[in-house]
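Notes follow once the structure below has been shown.
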Amino acid sequence: MLYAFAAPQWVHISDSQRLSLVQKMQIAIQNKMKENKAPSVGELYKFDNATFASCKLAMLSGAEEALDNGIRELYESKVGLCYMDARGMWQATTTKQQAEALEGVWLTDEDVKTAKDTGMDLKVIYESRCKGQDRRDKFKAAKLNMP
């Protein structure tokens, strides 16, 4: 289950990042077509069934791998990770500094399980992690409006 205060489970992807992912997938598909000696889609459909199926599988696998790698790169960049601000509104990190300031604030799956088992409110836990001058200084430096 997804929780609003849990570790970043959503990543906001901008239009340019989405376009970049599409381009990576297209390149992967084109490379797999070349590897399978299919210079064009028209040539691909001239293959016998077994060769067509093999090339199709290679193209799909290549696209999936490119997408997985691209999303992993985006996640590791720490830009676009979602969080709740002081107004309870969804926001997305725009810098690595913001994500680093939020580390230790997001709740882990274990935190959520423990809270459910003990009847604690996730929002209260999240807000308590935002307290402390050191944490507030990090938020301020990262231009985060946190509870």
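Note that these values count all heavy atoms, side chains included, but never hydrogens, waters or copies made by symmetry.
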Heavy-atom nearest pair, R135 first then R129, reads NE-O, 3.2 Å

*asked:* I want to check something: taking the side chain as every heavy atom from C-beta on, are Y126 and D121 in contact at a cut-off of under 4.5 Å?
replied: no

Stepwise, does the salt bridge (Lys or Arg N to Asp or Glu O under 4.0 Å) test hold for D117 with K113?
CA-CA 6 Å; D117 291 347; K113 182 183 180 318; 3.0 Å; yes

The reported gap from CG in L102 to SG in C130 (rounded to nearest 0.5 angstrom) is 7.5 Å

Note to self: For a salt bridge (Lys or Arg N to Asp or Glu O under 4.0 Å) check, start with the C-alpha distance between R18 and D15, then their side-chain angles and the critical distance, and finish with the verdict.
What the structure shows: CA-CA 5 Å; R18 192 174 295 113; D15 288 340; 2.8 Å; yes

Check: Judged by atom type as modelled, is there a donor-acceptor pair below 3.5 Å linking the side chain of S54 to the main-chain atoms of T51?
Finding: no

When you measure from the side chain of T95 to the backbone of A142, do you find a donor-acceptor pair of N or O atoms at a distance under 3.5 Å? no

| query | Short question: side chain of T93, backbone of A99 - any donor-acceptor pair under 3.5 Å? | reply | no

- Message: Are L144 and V79 linked, directly or through intermediate hydrophobic residues, by side-chain heavy-atom contacts shorter than 4.5 Å (ILVMFWY only)?
- Response: no

* If you count the non-hydrogen atoms of other residues, nucleotides and ligands that lie under 6.0 Å from CD in E65, is the total more than 12? -> no

d(K32 NZ, M59 CE) to nearest 0.5 Å is 11.5 Å

I'd like to know if M120 and L122 are part of one continuous hydrophobic network [Ile/Leu/Val/Met/Phe/Trp/Tyr, side-chain heavy atoms within less than 4.5 Å].
yes

To the nearest 0.5 Å, atom NZ of K143 lies from atom NZ of K140 at 11.0 Å

Scanning both residues in full, the closest heavy-atom pair of A63 with A28 reads N-CB, 4.2 Å

- Query: So, do K56 and M33 sit near enough that their side-chain heavy atoms are less than 4.5 Å apart?
  - Reply: no

With side-chain hydrogen bond (donor to acceptor under 3.5 Å, both in side chains) as the criterion, how do Q17 and S14 come out once you've worked through the C-alpha distance, each side chain's angles and the decisive distance to 0.1 Å? CA-CA 5 Å; Q17 290 168 320; S14 69; 3.2 Å; yes

| query | Are the side chain of S61 and the backbone N or O of L57 linked by a donor-acceptor pair below 3.5 Å? | reply | yes

Are W90 and W106 grouped together when hydrophobic residues (ILVMFWY) are joined by side-chain heavy atoms under 4.5 angstrom apart?
-> yes

**Asked** Would the number of heavy atoms belonging to other residues, nucleotides or ligands and lying under 6.0 Å from CD of E35 be above 12?
**Response** yes

Taken to the nearest 0.5 Å, the spacing of L44 CG from N36 CG works out to 8.5 Å

Item to check | Side-chain heavy-atom pair N31, I27 within 4.5 angstrom cut-off | outcome: yes

Before giving the answer on side-chain hydrogen bond (donor to acceptor under 3.5 Å, both in side chains), spell out for T94 and Q98 the whole-Å C-alpha distance, their side-chain angles and the decisive distance to 0.1 Å. CA-CA 7 Å; T94 56; Q98 287 182 338; 3.1 Å; yes

On a heavy-atom basis, the closest approach of M84 and P147 is O-CD, 4.4 Å

Are Q26 and L21 packed together at the side-chain level, in the sense that at least one heavy-atom pair is separated by less than 4.5 angstrom? no

Within a radius of less than 6.0 Å around CG of N49, do more than 12 heavy atoms belonging to other residues, nucleotides or ligands occur? no

- Query: Mind checking whether L74 and L67 sit in one hydrophobic cluster, side chains of I, L, V, M, F, W, Y counted as touching below 4.5 Å?
  - Reply: yes

Practice problem: Before giving the answer on side-chain hydrogen bond (donor to acceptor under 3.5 Å, both in side chains), spell out for T114 and D111 the whole-Å C-alpha distance, their side-chain angles and the decisive distance to 0.1 Å. | Solution: CA-CA 5 Å; T114 300; D111 294 331; 5.8 Å; no

In this structure, CD of E73 is separated from CG of N69 (nearest 0.5 Å) by 6.5 Å

Output for pair (K24 NZ, I29 CD1), nearest 0.5 Å, gives 14.5 Å

(message) Quick check: is M146 connected to M89 through a chain of hydrophobic side chains (ILVMFWY, heavy atoms under 4.5 Å apart)?
(response) no

A101 and F139 have their tightest heavy-atom pair at O-CE2, 3.4 Å

(message) Counting C-beta onward and ignoring hydrogens, is there a side-chain heavy-atom pair between Y75 and L81 closer than 4.5 Å?
(response) yes

